[in-house]
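Notes for the one structure printed next.
Note that the coordinates shown come from a computational prediction; the quantities given were computed from them, not determined experimentally. Per chain, numbering begins at 1; letters A, B, ... match sequence-line order.
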Amino acid sequence: MTQPDIRFDHVGVTYPNGFSGLRDITVDIPAGQMIGVVGLSGAGKSTFVRSINGLVPITDGDITVGDKSLRDLSGRRLRELRSGVGMVFQGFNLVGRATVLSNVLMGRLYHTSVWRTLLGAWKKDDVNLALDALARVEILPKAYARASDLSGGQQQRVGIARTLAQRPQIILADEPVASLDPPTSHVVMRDLQKINAELGITVITNLHFLDLARRYSDRLIGLRSGEIVFDGTPADADDAAFESIYGRSLTADDVLDAPGHAAGAHLGPAS
Amino acid sequence: MTQPDIRFDHVGVTYPNGFSGLRDITVDIPAGQMIGVVGLSGAGKSTFVRSINGLVPITDGDITVGDKSLRDLSGRRLRELRSGVGMVFQGFNLVGRATVLSNVLMGRLYHTSVWRTLLGAWKKDDVNLALDALARVEILPKAYARASDLSGGQQQRVGIARTLAQRPQIILADEPVASLDPPTSHVVMRDLQKINAELGITVITNLHFLDLARRYSDRLIGLRSGEIVFDGTPADADDAAFESIYGRSLTADDVLDAPGHAAGAHLGPAS
Amino acid sequence: ASLTLTGCGARETSDASATGASSKVCTGSSDKSAKDPKKLTLALVPSGDAKKLVQTVKPLEKALTKRLGIPVHGVITQDYQAAVEAIGAGQAQIGMLPSLQMSQACDKYGAVPSLQTVRNGKTSYAAQFFTNKPKKYCDDTPKKGPNGLMYCNGTASGNGPAGLDSLTKMKGAKVSLLQAASPAGYIFPVAAMKKAGLDVKKDIDTVQVTANDASVLAVYKGDAEVGTSYWDAREVVKPDTPDVGKKVVVFALTKEVPNDGVSITSKLSPSWQQKISKAMLDYSTTKAGVKALTAIYQITGLKKADPKALKQTQDTAKSIGLG
Amino acid sequence: MSAVTRQAPQAAPPGPAGPGRRPRRVAAKIVWLVITALVVAAVWSVDIKWSELADFPANLWKYLTLMFGPPDLGKLPEAFSATILSVQMAWLGTVIGIIVSFPLSFLAARGVAPAAVRWPMRGLFALIRAVPEVVIAVLILSVTGLTAFTGALALAVGSIGTLGKWGYESFESIDSGPLEATASVGGSPVAQMRWGVWPQAQPEVFAFWLYRFEINVRASAILGLIGAGGIGKMLTDNVQYRIWDGVGMLLIVVIVVTMAIDQLSGMVRHRIIDGTWKLPLLGRRSPTPEAKDTMVVSDND
Amino acid sequence: MSTAAKSAPPAKPPTRWKTAAVLIVIAGITVWSAFGVHVDFAAIVDNWNNASATIASLLQPDYWFIPGTGQAVLETVQMAVIATAVSAAISLPVAFLASRSTNPNNSLLAAVRFIMNIVRSVPDLLYAAVLVSVVGTGAISGIFALILFDFGIIVKLVSEAIDGLDVGPQEAALSAGGSWFKADRVAMLPQVMPSFTSQVLYTFELNIRASTVIGLVGAGGLGMLIDRVRTFYRYHDLSLIILEILVIVVVIEFASSLLRKRLAR
Ligand SMILES: Nc1ncnc2c1ncn2[C@@H]1O[C@H](COP(=O)(O)OP(=O)(O)OP(=O)(O)O)[C@@H](O)[C@H]1O
Ligand SMILES: Nc1ncnc2c1ncn2[C@@H]1O[C@H](COP(=O)(O)OP(=O)(O)OP(=O)(O)O)[C@@H](O)[C@H]1O
Ligand SMILES: [Mg+2]
Ligand SMILES: [Mg+2]
């Protein structure tokens, strides 16, 4: 049972409105790596991970996942590929009105027949798989709660359980810890890290925070304006790397009283 | 022109469903301080700041702002108080379909007559004030854009400009940097700090991240389960303080391979 | 109506018909202080093709305008209640209405039942039952009447009642009826059916139509087996469907229905009521007038209305639980 | 497997380790049972001759060919002017209905007016909806006579009932964030309505206005019966006399005109919501599912 | 924030004239319509109290008439229940086909929307009249007519609600390898249930009210009864019937707001 490698070959993504989301990306992601993708808002992080399961169609070059080329993959064959690629969404993308379990069972959709889907008559095996996934992320007791009743951190873990229930070979996580508090963020990141370590699943994680990315990844990819500006180990990610990724050095920002606030002289409290 | 002090006197907030959001809070906030409020999700941070302008009614004790007691303040008198207290919301609370300028002008509502409000016929002075506020947060060029067309960071700054246009004596900011990337977070926090320093406005900021709170506040207040568990300078906020606020030490979390994930033994990738 | 505004309820004084008119015959009223009208509206409820009515009413409008010296405008409404309410409120001053609505307009709003129409020398007519299955309903073989249309059971004369024995055969059939307010299309036929032991609600299958010739067409086109209308609405349809006289056979006539006529609103002064009545009477004696009136409702003349005769329709309606 | 980390992520109550029992959801089951029983009872008790359905397809085909094979082109001018009159009646009725219902529906919305004002308003809307259009029309007719204006007024009154209801429902379903913002700057109730509620409810309310206009065009058919003219009159004239090809012609005109209106109104609506013009019959959803709105109106607690 | 000089405020975009143009067009259409229907406000001023007597009697229902309405109310409710159930069942899938969010097939989408537009354009009265000719009078054509009105309405309102749903969960289902059908079923259906339920209840109310139209063609129910009492000026009876409809409308309104509150949380 080998995990597939992911290969970007001069990949470009141009959105229908003409905007280039990714430009000429060539990168190799061997199976089993834990990758952190960092960059400013709008740098193309989401576009990068979403192109891997075809949620964003690529317009130039090619991506291969294992031996399958993503170019022109569609219909049943695309769904098959997707069933092997789990995705954890920043906004959780849960059905708030459905139970936690139903949400996790969504990971089994590819393997469920149409009529079972229609009736919501899930296979016993799938239900067990889903319950196991919930146990793994430690929210089994919430299985029959409404997803909308969960706290943010719990919802994010339901998202991860859904991905686990899918039994994927690759997990893509698009900012899985945005708007979680630090302890919960660490829990989620460690979960992903453990899944990577124990099950050998390739994990690609978009992160806003360089420090989290540094701590939990084997390898960092820095994006800026749709191009790769950094690719290396966390140890390599020094201040220069930060500057190339974020467009300016951290140090300058840390200066308390930055100059240049000319305006607003008469903006004082009323009366 | 003196800024008002804020005084919490054995304040308790019980939500209509019986849940205690705040318990027996007694704290003194002298005018002109820059305060960071930290705590886990659900600790009561939002409840704390929202009680200051009466968005959440207090059920025990009393809050005094300057010489006014909040207990039983209502109608025109409550509106008057609110007009002096600016609020920056986590979710921005902008009217997406209105222009940026209209959103900022909403800060002037208290000083605008009914018919001007109805027609949206703002006073020239107010428009200038709003434009100055936009200039101060450096998004003046976007004045006539639809608020929904702005990026998250820009929207947050519109929220701050709205508060500035209000010419408040106190600014309450409920997680103003959640879901912003680090550089933008720093920009927003420095803005608030500058407003505090230059105009002497009291600024109370809820923050998820202890590091941001430490860096930008004169004083930290740590909440847990509706109670104050820490109150001191950022320098005092050591690991023990962290543990009291977040319920566990950071260090234990940082252990890479935390044990204890029993379930999911057969959760491997699909063949 | 009782205007004691109890706000919570009032008993419908159905058999006294609001003003206790069942004992008295309503002759209408007028408003002596009313100013002279500047224009008049004439409301017509079509008993036939409304579109043709629009054309044929033109000469009538013109003649009345000339005689009365103020503009007269004809409006067609498909709804009896609408016409009566319009006259009651003075929104229409003249109404050409069926007998029932003339009595109602008088009872409710004091509208003067002024003239009644004359057709074939009669001020009454029979309502007819017709069918597209003559074999089932005719006891004798259908014969051509003087107008070239087929009749059986002695209905060719047009004088009711006739052939009512055959009504019992209608049990279970589809029957096209007009709205409940139509004397010839509903009230008299249903009263006749009731006498023959048929319950409209249970024993037949109603196809609702809103005009007499539509009823004929419904039977002609097979949408219903039996239909009801005034005698003889088939003539209106004949120009468009020449074989209607063969396919649709009249097999029964009800007792005589008082003719329709002209009501005048009570919101006019007596002199104006007189003036209008006279103008219409006058016109109906001229050659052009006869031609125009015939074109509208096959009217051959007008004469002073007999309120007592008119009331028969109301009484018949009451006999079947209406009114 | 240290105990510390074991409990750490779960500050939650130490509930059962298992998934718990599947909830029974009794209330939902009862509701479904009642609904099913109602439907079954209705089907079982209603007086229907199912046998009549046997020749439904053949009959339908027959009438369709009568109407459209081919429609009576000679009736085109009449059909067109009847439809235009109906559109005029409907437009005027809708405009008057909006002018009256708009302020009233604010008074009926929760959080705006006290219950003593709110409930009578809602009662008024319900009452108007309970009165059949024909009855409304006959009442108005005694004031304005047998004219198309009566038709427009009847539609206006009818519109107040529905528009009022839709209005307060959409005012109540807005996101509370901007409303909170207007409150926190000290805005008066009027200011909160104008800037906290209205901008958010606006697209939905516009949509309802346009939709009601569409309904009014069709509803004007009934008013034709009482002498208001328009498609209703032509419709009954032709249906009564089984002039099916005339009906077909009228139908084509009505469909073309209402579809044109629908497209125009869809365009306007798109403009209000997305800020771009687009014909509703065409066009796909924008490929960015992370709608911008989610940023603006992200929920607050 | 850097040294960027305080930039001048941007020129105000010229939106005023666009707003003015739209307002002028609306005013123009209104004036045109006003001429078309011969607006006569003077008549309202002169005759406004003409209707008062009728309204006064309409305010006093004749409660003794209640038994007389039983059969008709029953018939109306029967027709409304059946029509609502059937139309709810058929319009739900069609609503999914008519929404851009749930139907990825552009041409199918356009076709469905086109047909639904036609279905909605046909006046209620015409459906009723044609159905009476096709199926004959009676409850069955009434039910058919109601189903046709409801179908158009539910599909329109629900597909618009679907357009406004969060497509995130659907995306999640797709990225788990589900087909569009499965994703719509699992991720979109639960989300749209509250608005579907409230629209179905709304059409139920409509069906009760539409009995007037249905009655005009002889399909029975309250509509025929209304016709009967009003043409004989039995306004107290008419008032009672309206009161009965009002009670049904209010009950439905209550049920609807209750359900909405429960489902929408
Ligand atoms: N559907 C689309 N159409 C056009 N442009 C798009 C679309 N989706 C994204 N973009 C643009 O592509 C660029 C990259 O977007 P992407 O979502 O990949 O950024 P990101 O790095 O994930 O940012 P964030 O941290 O804010 O999520 C952005 O400038 C964005 O505006
Ligand atoms: N309207 C309400 N009714 C009942 N309980 C409420 C309400 N609002 C908040 N709570 C509860 O009060 C507690 C404190 O909420 P609060 O919003 O103040 O937390 P917070 O510290 O701001 O959390 P977060 O970081 O997630 O925003 C939470 O447990 C929450 O569930
Ligand atoms: Mg992103
Ligand atoms: Mg909060």
> Which atoms form the tightest heavy-atom contact between A:G107 and E:A176, and what is the distance?
Replying inline: CA-CB, 4.0 Å

> Where do A:M106 and E:Q170 land on the side-chain contact (heavy atoms from CB on, under 4.5 Å) test, with the steps shown first?
Replying inline: CA-CA 10 Å; A:M106 274 169 59; E:Q170 181 196 38; over 6 Å; no

>> Need one label for A:L118: side chain, backbone, both or neither, based on atoms under 4.5 Å from any heavy atom in chain E.
In response: both

> Side-chain contact, heavy-atom cut-off 4.5 Å: E:V186 with A:L109?
Replying inline: yes

> Taking A:V114, A:V95, A:L172 one by one, which has the highest count of heavy-atom pairs under 4.5 Å against chain E?
Replying inline: A:V95

>> With a 4.5 Å cut-off on side-chain heavy atoms, are E:K182 and A:R79 touching?
In response: no

> Checking A:V85 against chain E: side chain, backbone, both or neither under 4.5 Å from a heavy atom?
Replying inline: backbone

> Who wins among A:V88, A:T163, A:T112, A:N103 for the most heavy-atom pairs under 4.5 Å with chain E?
Replying inline: A:T112

> Would you say E:S175 and A:F89 make side-chain contact, with heavy atoms under 4.5 Å?
Replying inline: yes

>> I need the E:L189 CG to A:T117 OG1 distance, nearest 0.5 Å.
In response: 12.5 Å

>> Using heavy-atom distances under 4.5 Å, tell me whether A:L119 contacts chain E through its side chain, its backbone, both, or neither.
In response: backbone

>> Taking every non-hydrogen pair under 4.5 Å, which of A:G75, A:G54, A:S83 racks up the most with chain E?
In response: A:S83

> Of the backbone (N, CA, C, O) and the side chain (C-beta and beyond), which part of A:R108 lies under 4.5 Å from a heavy atom of chain E, both, or neither?
Replying inline: neither

>> Please find the pair of heavy atoms, one from A:N93 and one from E:G168, that lie closest to each other, and give the distance.
In response: ND2-O, 2.9 Å

>> With a 4.5 Å cut-off on side-chain heavy atoms, are A:R97 and E:Q191 touching?
In response: no

